[in-house]
**Q** 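This structure is in structure tokens; I'll ask about it shortly.
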Amino acid sequence: MSKKPAYEPLPIQFYNKPTLELAKALLGCLLVKETDEGICSGYIVETEAYRGPHDRAAHSFGNRRTKRTEVMFAEAGRVYTYTMHTHTLINVVSADVNIPEAILIRAVEPYEGLDLMETRRPGRQPREWTNGPGKLTKALGITSDDYGKLFTEWPVYITAGYLPTHISSGPRIGIDNTGEARDYPWRYWITGNTYVSRR
DNA sequence: TGTGCGATGCTCT
DNA sequence: GAGCATCGCACAC
């Protein structure tokens, strides 16, 4: 079942840093997904941090522990997928065991497997392939089957990319009904990148 | 270029 | 049965 990744994933130690710091460190890294159809990858250009215990907008707010949030209580570097309507969203679990924090990957810049992405996102402009959390999972072939896996192993993993020249931050998107948590500037993106979900 | 809203399915109460 | 960390189309400007 388990295969060897085509590229060398970042070591598990990479994820061992504070959530907000990791959210910024992930920018510019390459997110890779291997399937039977081939390899697809893209540079992470936009992330959002969700800090369970004190963050009203997080699914794990107040340490709420359910079948869905369970993986956030595990060690950093695991995959947390969440189904939103008809879409799948992908998060990177962060922080220590029993501290349910995670980072949502909101947008990537297509790098490898462009033909495959086009067949998965037919009739769209290249920028529309991956400039949203639900879109990028579709383009890369990430599904809820990836829930709970490690980002250091096949078939879904993160490798070194490039160092962003400048990073911007601001309030998160799509969480208008969560009181003061809505204003936390925990959304990060690579300044000027055309693939972020909002310009 | 921006805002509004309906479709849609899964999880938790 | 309610509530959503969305998307894509329609319409206004």
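None of these values were measured; they are calculated from a predicted model. Scope of the values below: all heavy atoms of this structure, side chains included, with no hydrogens, waters or symmetry mates. Convention: sequence-line order gives letters A, B, ...; per-chain numbering from 1.
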**Q** What's the NZ-C1' distance between A:Lys138 and C:dG8, to the nearest Å?
**A** 12 Å

**Q** Measure CZ/A:Arg64 against P/C:dG3 and give the value in whole Å, please.
**A** 14 Å

**Q** Without decimals, in angstroms, what is the distance between A:Asn131 CG and C:dA5 C1'?
**A** 16 Å

**Q** Applying the 5.5 Å / 30° rule, does A:Tyr50 stack onto the base of C:dA5?
**A** yes

**Q** When you get a sec, tell me which of B:dT13, C:dC4, C:dC7 is the closest nucleotide to the side chain of A:His87?
**A** C:dC7

**Q** Quickly work out the A:Gln125 CD to C:dC7 C1' distance and round it to whole Å.
**A** 17 Å

**Q** Does the side-chain ring of A:His85 lie flat on the base of B:dA7, meaning centres under 5.5 Å and planes less than 30 degrees apart?
**A** no

**Q** Given that both distances must come in under 3.5 Å, which nucleotide forms a Watson-Crick or G-U wobble pair with B:dT8?
**A** none

**Q** Please report the distance, rounded to the nearest Å, between NE2 in A:His59 and P in B:dT11.
**A** 12 Å

**Q** Does A:Arg65 reach a base, just sugar-phosphate, or nothing at all? Heavy atoms under 4.0 Å.
**A** nothing

**Q** Between A:Thr86 and B:dG9, does any side-chain N or O lie under 4.0 Å from OP1 or OP2?
**A** no

**Q** Among the nucleotides B:dT11, B:dT13, C:dT6, which one has an atom lying closest to any side-chain atom of A:Arg68?
**A** B:dT11

**Q** To the nearest Å, give me how far apart CE (A:Met72) and C1' (C:dA5) are.
**A** 10 Å

**Q** Check every strand shown and say whether A:Ile175 touches a base, only sugar-phosphate, or nothing at a heavy-atom separation below 4.0 Å.
**A** sugar-phosphate

**Q** Does A:Arg124 make a side-chain N or O approach to OP1 or OP2 of C:dC7 shorter than 4.0 Å?
**A** no

**Q** Would you check if there is a donor-acceptor pair between the side chains of A:Ser144 and A:Thr81 at a distance under 3.5 Å?
**A** no

**Q** Give me the one residue out of A:Arg172, A:Arg182, A:Arg64 that meets salt bridge (Lys or Arg N to Asp or Glu O under 4.0 Å) with A:Asp55.
**A** A:Arg172

**Q** Rounded to whole angstrom units, what separation is found between the CD atom of A:Glu46 and the P atom of C:dT6?
**A** 11 Å

**Q** Tell me whether the rings of A:Phe151 and A:Tyr15 are parallel (<30°), tilted (30 to 60°) or perpendicular (>60°).
**A** parallel

**Q** In terms of side-chain heavy atoms of A:Asn177, which of B:dG9, C:dC4, B:dC12 is nearest?
**A** C:dC4

**Q** Which of the following nucleotides, C:dA5, C:dC4, C:dG8, is nearest to the side chain of A:Leu89?
**A** C:dA5

**Q** Over all strands shown, is A:Asn91 touching base, sugar-phosphate only, or nothing at heavy-atom distances under 4.0 angstrom?
**A** base

**Q** If I compare all heavy atoms of A:Val108 with all of A:Ile44, which pair ends up nearest, and what's the gap?
**A** CG1-CA, 4.1 Å

**Q** Assign A:Arg172 to base, sugar-phosphate, or nothing according to its heavy-atom contacts below 4.0 angstrom with the strands shown.
**A** nothing

**Q** Could you check whether A:Tyr157 and A:Glu34, counting side-chain N and O atoms only, form a donor-acceptor pair closer than 3.5 Å?
**A** yes

**Q** Reckon A:Arg182 touches a base, only the sugar-phosphate, or nothing at all at heavy-atom distances under 4.0 Å?
**A** nothing

**Q** Where the side chain of A:Lys67 is defined as all heavy atoms beyond and including C-beta, which of C:dT6, B:dC12, B:dC10 is the nearest nucleotide?
**A** B:dC12

**Q** Under 3.5 Å, is there a donor on one side chain and an acceptor on the other for A:Glu109 and A:Tyr111?
**A** no

**Q** Contact class for A:Tyr80 vs. all strands (heavy atom < 4.0 Å): base, sugar-phosphate, or nothing?
**A** base

**Q** Whole angstroms only, please: what is the CD1-P distance between A:Ile173 and B:dT3?
**A** 12 Å

